[in-house]
Amino acid sequence: MSMTARESHLSAAHAAIHRAIRKIPRGCVASYGEIAARAGLPGRARMVGHVLGAAGAEAELPWHRVLRADGSVAFAPGSRAFREQKRRLAAEGVPMLRGRIDLAQYGWERNLDAALWAPPMS
DNA sequence: GGCGTGACTATAC
DNA sequence: GGTATAGCCACGC
């Protein structure tokens with residue numbers, strides 16, 4: 001089977017996105033845009049969503065750790081997918097408050113600030 | 001090829 | 001907080 005240059009490029013981007021998502025540590029979250037950037041595709045946040053949709057909920061990907069840039073879940077509140085994502089996050093210690101995840105605290109490589117701002121007292 | 005749609009985002013009011 | 005707009009791009013019709 002042959003592939004056009006474009007198909008090959010898309011396939012590589014797809015794989016890069018899968019790799020970036022798999023690297024999100026347990027208990028952390030990352031935005032679609034951040035995943036795109038880490039996959040070498042800055043500005044292509046929509047492509048991350050598209051790839052995840054194509055992968056499906058059964059994929060062996062920590063899809064629940066991918067959020068919008070403001071820390072909210074991309075699915076409609078109350079929907080099956082929304083509840084499942086919230087449940088999976090809670091299961092690894094990531095709470096959702098007012099419909100959002102605190103990126104300053106749980107964001108991938110963005111939690112250093114939180115550690116400095118909220119050091120254990122006494 | 002155009003056009004609408006969408007698991008997006010940044011900027012500007 | 002919200003709406004609008006523009007950029008992004010794969011996909012299906």
Side-chain angles (χ1 to χ4, degrees):
Chain A
M1 56 186 270
S2 63
M3 249 180 176
T4 65
R6 179 181 168 76
E7 283 168 342
S8 167
H9 182 268
L10 285 177
S11 176
H14 186 99
I17 288 171
H18 271 244
R19 280 196 300 276
I21 292 172
R22 268 192 268 262
K23 281 185 193 161
I24 306 174
R26 191 182 157 74
C28 287
V29 294
S31 72
Y32 293 87
E34 187 177 349
I35 292 303
R38 278 180 177 272
L41 304 162
R44 278 86 154 173
R46 297 197 92 117
M47 193 170 171
V48 175
H50 187 90
V51 166
L52 278 175
E58 312 307 316
E60 300 171 14
L61 285 171
W63 59 269
H64 55 286
R65 296 178 189 147
V66 187
L67 307 171
R68 287 186 184 139
D70 66 353
S72 64
V73 162
F75 301 110
S79 64
R80 175 73 108 24
F82 178 96
R83 292 197 308 272
E84 176 65 7
Q85 184 162 10
K86 181 177 179 180
R87 187 189 70 73
R88 290 191 182 209
L89 285 170
E92 40 188 76
V94 180
M96 180 186 298
L97 295 151
R98 285 179 242 95
R100 299 220 248 150
I101 305 303
D102 184 351
L103 293 184
Q105 190 167 359
Y106 300 99
W108 189 14
E109 288 183 357
R110 199 167 318 194
N111 37 21
L112 274 183
D113 282 350
L116 296 176
W117 278 96
M121 286 316 205
S122 74

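From a predicted model like this one, the values you see are computed outputs, not experimental measurements. Computation of the quantities below employed the complete heavy-atom set of this structure, encompassing side-chain atoms and omitting hydrogens, waters and symmetry-equivalent molecules.
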Calculate, to the nearest 0.5 Å, the distance between atoms [atom1] and [atom2] belonging to [X] and [Y] respectively.
| X | Y | atom1 | atom2 | result |
| --- | --- | --- | --- | --- |
| A:His9 | A:Arg6 | NE2 | CZ | 9.0 Å |
| A:Trp63 | A:Leu52 | CH2 | CG | 9.5 Å |
| A:Ser31 | A:Arg65 | OG | CZ | 15.5 Å |
| A:Ile24 | A:Glu34 | CD1 | CD | 7.5 Å |

Among [range], which contact DNA chain B at a heavy-atom distance under 4.0 Å?
| range | result |
| --- | --- |
| residues 38-46 of chain A | A:Ala45, A:Arg46 |
| residues 7-18 of chain A | none |
| residues 71-79 of chain A | A:Ala74, A:Phe75 |

- Measure from the side chain of A:Met47, starting at C-beta and using heavy atoms only, and say which of B:dA7, C:dA10, B:dA10 lies closest. C:dA10
- Item | Nearest to side-chain heavy atoms of A:His50, which nucleotide of C:dC11, B:dA7, B:dT9 | C:dC11
Looking at [Y], is its backbone amide N or carbonyl O close enough to the side chain of [X] to form a donor-acceptor pair, meaning the two atoms are under 3.5 Å apart?
| X | Y | result |
| --- | --- | --- |
| A:Gln85 | A:Val66 | yes |
| A:Arg22 | A:Ala20 | no |
| A:Arg68 | A:Ala74 | yes |

How is [X] classified with respect to the nucleic acid when contacts are heavy atoms under 4.0 Å: base, sugar-phosphate, or nothing?
| X | value |
| --- | --- |
| A:Gly53 | base |
| A:Arg6 | sugar-phosphate |
| A:Arg65 | nothing |

Atom [atom1] of [X] to atom [atom2] of [N]: distance rounded to whole Å?
| X | N | atom1 | atom2 | value |
| --- | --- | --- | --- | --- |
| A:Leu52 | C:dA10 | CG | C1' | 14 Å |
| A:Arg98 | C:dG2 | CZ | C1' | 18 Å |
| A:Tyr32 | B:dA7 | OH | P | 9 Å |
| A:Trp63 | B:dC8 | CH2 | P | 13 Å |

- Item | For A:Ser72 against A:Leu67, the heavy-atom pair lying closest together | O-CB, 3.6 Å
- Task: Identify the heavy atoms of A:Trp108 and A:Ala30 that sit nearest to each other, and give their distance.
- Result: CE3-CB, 4.0 Å
- A:Arg88 bridged to A:Glu92 by N-O distance under 4.0 Å: no
- Task: Answer whether the closest heavy-atom distance between the side chains of A:Val73 and A:Lys86 falls below 4.5 Å.
- Result: no
- Query: What integer number of Å spans the P atoms of B:dA7 and C:dA6?
  - Reply: 22 Å
- Item | Spacing of the C1' atoms in B:dG1 and C:dC13 (rounded, Å) | 12 Å
